[in-house]
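To start, the structure itself, in structure tokens.
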Amino acid sequence: MSATISIGSGIKVKQEEESFLSEEQDSSADVMSVRRAKLEEWYELGVEPFGRRFEVTHRSEDILRKAEPLANEELEAHKMQVKVAGRIMSLRGHGKASFAHMMDLQGMIQVYAKMDQLGEEAYQQFELLDIGDLIGVEGYVFKTRRGETTIHIEHFTLLAKSLRPLPEKWHGLRDVETRYRRRYVDLIVNPDVRQTFINRSRIIQSMRRHLEAQGFLEVETPTLHLIAGGAAARPFRTHHNALDLGLNMRIALELHLKRLIVGGLERVYEIGRVYRNEGISTRHNPEFTMMELYAAYMDFHDMMKLTEELIEQIAIDVRGTTEIEYGGQALQLKTPWRRAHMVDLIREVTGVDFFEVHDSETARKMAAEHGVAVQDMHEFGHIVNEFFEQKVESTLVHPTFVYGHPVEISPLAKKNPQDPRFTDRFELFIMGREYANAFSELNDPIDQRQRFLAQLEEREKGNDEAHEMDEDFIMALEYGMPPTGGLGIGIDRLVMLLTDQPSIRDVLLFPLLRPE
RNA sequence: GAGCCAUUAGCUCAGUCGGUAGAGCACCUGACUUUUAAUCAGGGUGUCGCAGGUUCGAAUCCUGCAUGGCUCACCA
């Protein structure tokens with residue numbers, strides 16, 4: 001078939017001449033062929049359809065705010081001249097005049113093109129524009145009869161021709177898969193998505209500001225590790241060619257930051273990507289962002305105070321309040337937050353008091369009685385932890401610092417001097433989810449070696465997430481590390497909490513998906 | 001990895017009992033110089049996710065596969 005279609009200004013396109021179409025040839029081919037034809041038409045008009053630098057004098061929101069209190073007569077008298085750039089989001093042609101809405105970073109503003117003003121030639125060019133095209137306009141601000149602030153166009157420039165149609169104007173793009181795969185389209189048509197990512201940036205900015213104010217130094221440490229330590233997780237493996245060296249992507253920031261505390265930097269933090277080779281869910285992405293900080297001469301009590309104040313401040317900065325809602329649940333982030341020992345919480349919920357239980361056998365018996373699933377290799381501390389995870393965790397709605405984790409699951413934390421079965425460690429829970437993990441850092445190299453040895457034993461028993469021996473880290477401790485408080489916060493989950501997003505994929509610009 | 005659900009036009013969605021594909025927006029043609037989901041007249045642009053099977057006939061029923069979503073598992 002060689003049907004011809006004609007478009008606005010008379011160009012004929014043979015549909016069989018669609019050699020420009022990409023491999024995936026979809027049925028937007030029709031729209032795309034029309035746009036290709038218009039592209040040619042721009043070239044024939046002597047206009048470069050992929051333009052260059054454009055000097056922007058105003059953003060949409062600034063204009064709307066300035067014009068808002070003024071009547072049209074006042075606006076016309078002032079002749080407020082503006083240059084605005086953005087993407088055409090809607091077009092309404094009326095013969096010899098046209099309206100359009102343009103979108104820039106701040107939002108949407110209406111523009112008005114009139115043949116009398118532009119002249120016949122330029123107006124015809126305006127009519128050649130499509131939804132999705134990027135343009136720069138110069139003109140003056142007025143208000144229409146209905147009162148909408150609008151730019152009366154005196155000149156316009158095509159900055160980039162759009163060759164693909166945008167999604168529909170009032171349902172936007174809903175298909176979740178397409179939204180993640182083509183996040184740029186999602187950002188163009190879904191303003192709330194754009195706002196979420198703006199808020200993500202604000203949260204991190206706020207965090208940096210508050211840490212800087214407390215004298216923390218931002219540092220960057222390697223993401224390629226010989227030994228992936230500092231957490232219990234399976235790493236991604238990679239390889240360096242020139243050194244012919246097997247390497248792991250980091251699973252935590254911890255061990256390098258503590259080396260810097262040994263080095264005397266005293267207060268350091270890093271906001272960085274970590275990689276864990278695990279399943280994907282609404283709360284897990286294989287790469288995610290952690291903030292870890294270490295402060296010499298502090299302990300885990302100081303870390304609790306720092307954590308609650310930090311998150312409270314961020315909430316005020318970004319949300320303007322400490323009373324937030326997540327998934328319909330009202331949450332109060334005003335400090336101070338509840339502090340509870342893990343063993344006390346287990347006793348509250350199950351009646352089992354692990355301060356009175358002193359051996360693994362009794363603990364195992366209690367687990368069986370209370371329907372807590374445990375593995376054969378689990379010792380006392382693991383079983384306490386299983387009780388907490390299976391019985392207590394989901395009951396913690398409002399911010400709660402749970403402290404006193406068993407030593408078996410805390411190979412990098414200092415033991416509690418009163419009861420060395422437990423550590424001076426806490427995790428922060430909100431709505432059943434972990435948001436922070438912190439401890440008084442273990443600075444005794446001899447104890448640290450024992451802990452690593454215990455981890456190696458676990459590894460032999462089949463726990464492939466147990467810590468490996470890190471001799472280089474122990475050497476650092478042997479030079480002497482001051483008593484130190486350390487803290488880690490999962491940035492993505494914090495952003496989810498503060499932007500009320502149900503899935504981690506909604507706070508990651510490009511979540512990992514299987515290839516199409 | 002398991003269970004459940006989804007996949008139809010560029011986008012958002014209908015599609016009855018199995019009878020051969022529809023709407024709105026977008027797009028195209030024409031009209032219209034302050035519109036507002038602009039309006040009016042006309043035009044359907046499709047590998048019904050993919051591959052088999054059942055059937056005279058499959059978007060529809062069956063099987064497998066792919067991708068995604070949710071839940072669980074995993075993730076201290």
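Each chain gets a letter, A, B and so on, in the order its sequence line appears, and its residues count up from 1.
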So what does [X] hit on the nucleic acid, given a heavy-atom distance under 4.0 Å: a base, only sugar-phosphate, or nothing?
X	result
A:Phe142	base
A:Arg181	sugar-phosphate
A:Arg505	sugar-phosphate
A:Arg174	sugar-phosphate
A:Gly93	base
A:Thr178	nothing
A:Asp116	base
A:Glu148	base
A:Arg514	sugar-phosphate
A:Lys169	sugar-phosphate

Which one, [options], comes nearest to the side chain of [X]?
X	options	value
A:Leu173	B:U12, B:A26, B:U36	B:U12
A:His171	B:U33, B:U12, B:G68	B:U12
A:Val176	B:U34, B:G69, B:C27	B:G69

Quiz item: Using atom C1' of each nucleotide, how far apart are B:G44 and B:C27 to the nearest Å?
Solution: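 Taking atom C1' in both B:G44 and B:C27, they lie 11 Å apart.
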Under a 3.5 Å cut-off for both contacts, is [N] paired Watson-Crick or G-U wobble with anything, and if yes, with which nucleotide?
N	result
B:G64	B:C50
B:C72	B:G1
B:G24	B:C11

Quiz item: Would the A:Phe439 and A:His405 ring centres measure less than 6.0 Å apart?
Solution: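 Not under 6.0 Å, so no.
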Quiz item: Does the separation of the ring centres of A:Phe388 and A:Phe429 fall below 6.0 angstrom?
Solution: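 Centroid distance A:Phe388-A:Phe429: below 6.0 Å, so yes.
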Mind calculating the distance between [atom1] ([X]) and [atom2] ([N]) to the nearest angstrom?
X	N	atom1	atom2	answer
A:Met32	B:A9	CE	P	17 Å
A:Glu465	B:C74	CD	C1'	8 Å
A:Glu278	B:G1	CD	P	15 Å
A:Leu513	B:G69	CG	P	6 Å
A:Leu91	B:U34	CG	C1'	16 Å
A:Phe99	B:U33	CZ	P	12 Å

Quiz item: Between A:Asp506 and A:Tyr180, does any side-chain donor sit less than 3.5 Å from a side-chain acceptor?
Solution: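 Result is yes, a qualifying pair exists.
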Practice problem: Indicate whether the side chain of A:Arg145 and that of A:Asn72 have a donor and an acceptor atom separated by less than 3.5 Å. | Solution: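 No, because no side-chain N or O of A:Arg145 sits under 3.5 Å from a partner of the opposite role on A:Asn72.
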Self-check item: Salt-bridge criterion met for A:Arg338 and A:Glu348 (N-O under 4.0 Å)
Solution: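 Answer for the salt bridge query: yes.
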Quiz item: Should the pair A:Tyr140 and A:His152 be assigned to parallel (<30°), tilted (30 to 60°) or perpendicular (>60°) ring geometry?
Solution: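 Answer is parallel, since the angle falls under 30°.
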